[in-house]
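Worksheet: one structure, shown below.
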Amino acid sequence: MNEETHNPATDDRETRSAFVALIGAPNAGKSTLLNRLVGAKVSIVTHKVQTTRALIRGVAIKDASQIVFVDTPGIFKPRRRLDRAMVSTAWSGARDADIVCFLIDAERGLKGDAVDILGSLKEVRQPKALVINKIDTVKRDSLLALAAAANEAVAFDATFMISALNGSGCDDLMEWLARQSAPGPWYYPEDQISDLPMRQLAAEITREKLYLRLHQELPYSSHVETERWQEQKNGSVRIDQVIYVERDSQKKIILGRKGETIKAIGQAAREELAEILEQPVHLFLFVKVRENWGDDPERYREMGLDFPG
């Protein structure tokens with residue numbers, strides 16, 4: 001069988017599969033790692049903490065193993081209802097997985113939220129891997145000390161030192177995960193890289209551009225929903241999205257002077273969506289003020305989160 005027709009899911013080798021939860025403090029690099037391992041963008045990445053809000057699954061294949069990565073929200077001390085929903089979702093993702101990968105930012109080390117997560121990991125029974133990310137930012141001696149301290153606190157089954165940004169060490173991690181996978185059928189078709197509906201992915205792409213453009217000015221409390229998705233006869237698609245904010249002052253920030261800011265956000269999102277969808281995209285953005293949307297159960301359902309009481 002030549003390489004062009006080779007399909008591990010249908011040949012004589014035993015297929016294997018596993019769900020792998022990526023957990024860690026905010027901005028540990030989980031979404032960047034997910035995109036790196038899957039080989040395509042399935043989770044948005046920004047400088048803003050707690051960018052990932054719900055569980056996002058990305059599918060990767062290594063030899064005859066299908067590995068379903070679950071990118072979880074960053075775990076931190078929750079203050080608001082939305083915070084509590086995200087932290088609860090992250091731990092549920094860890095409990096439901098076959099394998100747990102705990103990411104630590106090499107530069108930040110074992111501080112704050114990372115220490116708290118380490119303490120809770122002692123209760124997790126599944127195989128656990130310590131993944132020290134951003135290794136190109138610190139010296140080797142401090143990496144070894146960090147790995148030793150983490151392994152002293154929790155009995156990790158394996159330790160990996162990687163750079164999700166440039167891919168260093170990621171192949172070793174994938175090989176280990178493939179070996180840990182259990183014999184069984186694949187959960188997704190071979191060509192599927194995510195279980196995120198396109199409407200939701202489109203909303204996430206726009207939210208990413210929103211945060212990248214207005215990182216300092218825009219508060220965390222903004223949300224994007226895809227309200228309309230219409231395939232056109234000419235092969236293009238019309239997408240209508242609503243950006244929800246809590247105050248009129250936030251709406252003015254997003255619109256910008258003479259609408260320049262929202263135009264730039266829309267253009268960046270439209271270009272990336274056209275590349276992903278491989279078809280022309282007509283994107284229309286609207287900004288609505290909805291006070292206290294963070295207390296609206298409907299918004300949580302749209303985000304794929306349980307509404308905490």
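These numbers come from a predicted model, not from an experiment.
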Would you say [X]'s side chain and [Y]'s backbone share a donor-acceptor pair under 3.5 angstrom?
X      : Y      : answer
Gln180 : Ile99  : no
Arg36  : Ala164 : yes
Thr226 : Arg199 : yes
Lys128 : Val124 : yes
Gln126 : Ala97  : yes
Gln241 : Ala202 : yes
Asn133 : Leu103 : no
Glu225 : Glu227 : no
Thr15  : Gly184 : yes
Arg290 : Tyr244 : no

Worksheet item: Tyr187 and Phe19: ring pair (Phe, Tyr, Trp, His ring centres under 6.0 Å), yes or no, with the steps?
Response: CA-CA 9 Å; Tyr187 294 102; Phe19 276 86; 4.7 Å; yes

Worksheet item: Side-chain heavy atoms under 4.5 angstrom apart, residues restricted to Ile, Leu, Val, Met, Phe, Trp, Tyr: same cluster for Val154 and Val100?
Response: yes

According to the salt bridge (charged side-chain N to carboxylate O under 4.0 Å, His left out) rule, which pairs have a member within [range], sequence neighbours left out?
range            : result
residues 98-110  : Asp105-Arg108, Asp105-Lys134
residues 139-150 : none
residues 263-277 : Lys41-Glu272, Lys209-Glu272

With a 4.5 Å cut-off on side-chain heavy atoms, are [Y] and [X] touching?
X      : Y      : value
Trp186 : Val59  : no
Val20  : Val68  : no
Ile276 : Ile205 : yes
Ile23  : Cys101 : no
Gln279 : Val237 : yes
Arg247 : Glu291 : no
Val70  : Leu34  : no
Val281 : Ile239 : yes

Practice prompt. Give a yes or no on whether Glu231 atom CD has more than 12 heavy-atom contacts from other residues, nucleotides or ligands under 6.0 Å away.
Written response: yes

Fill in: Whether over 12 other heavy atoms sit under 6.0 Å from Leu143 CG
yes

Discussion item. List the residues meeting side-chain contact (heavy atoms from CB on, under 4.5 Å) with Thr159, not counting sequence neighbours, and say none if there are none.
Written reply: Leu130, Ala147, Asn151

Discussion item. Evaluate Glu246 against Val289 for side chain to side chain contact (heavy atoms under 4.5 Å, CB included), listing each step before the verdict.
Written reply: CA-CA 5 Å; Glu246 290 189 317; Val289 177; over 6 Å; no

Practice prompt. May I have the step-by-step check of side chain to side chain contact (heavy atoms under 4.5 Å, CB included) for Ile67 and Ser17, ending in yes or no?
Written response: CA-CA 6 Å; Ile67 303 166; Ser17 55; over 6 Å; no

Item to complete: Consider only side-chain N and O atoms of Asn35 and Thr32, and report whether a donor and an acceptor are under 3.5 Å apart.
Response: no

Fill in: Residue pair Asp63 / Ser65, side-chain donor-acceptor N/O under 3.5 Å
no

Rounded to the nearest 0.5 Å, how far does [atom2] of [Y] lie from [atom1] of [X]?
X      : Y      : atom1 : atom2 : value
Leu22  : Ser31  : CG    : OG    : 8.5 Å
Ser168 : Ile162 : OG    : CD1   : 8.5 Å
Ile104 : Lys111 : CD1   : NZ    : 12.5 Å
Phe102 : Ser120 : CZ    : OG    : 9.5 Å
Ile254 : Ser249 : CD1   : OG    : 10.0 Å
Leu165 : Asp136 : CG    : CG    : 7.0 Å

Item to complete: Show the numbers, then the answer: is there a side chain to side chain contact (heavy atoms under 4.5 Å, CB included) between Leu277 and Met198?
Response: CA-CA 9 Å; Leu277 296 170; Met198 281 310 307; 3.3 Å; yes

Over all atoms of both residues, closest heavy-atom pair of [X] and [Y]:
X      : Y      : answer
Ile132 : Ala106 : CG2-CB, 3.7 Å
Arg16  : Pro183 : NH1-CG, 3.7 Å
Ser163 : Ile135 : N-CG1, 4.2 Å
Ser236 : Asn234 : OG-OD1, 2.6 Å
Leu285 : Ile265 : CD1-CG2, 4.2 Å
Pro26  : Asp113 : CD-OD2, 4.0 Å

Fill in: Sequence neighbours excluded, every pair satisfying ring pair (Phe, Tyr, Trp, His ring centres under 6.0 Å) that has a member inside residues 248-285
none

Practice prompt. For Tyr188, check ring pair (Phe, Tyr, Trp, His ring centres under 6.0 Å) against everything at least two apart and list the hits.
Written response: none

Worksheet item: Run the side chain to side chain contact (heavy atoms under 4.5 Å, CB included) check on Phe160 and Asp172 step by step: do they pass?
Response: CA-CA 8 Å; Phe160 298 92; Asp172 292 339; 4.3 Å; yes

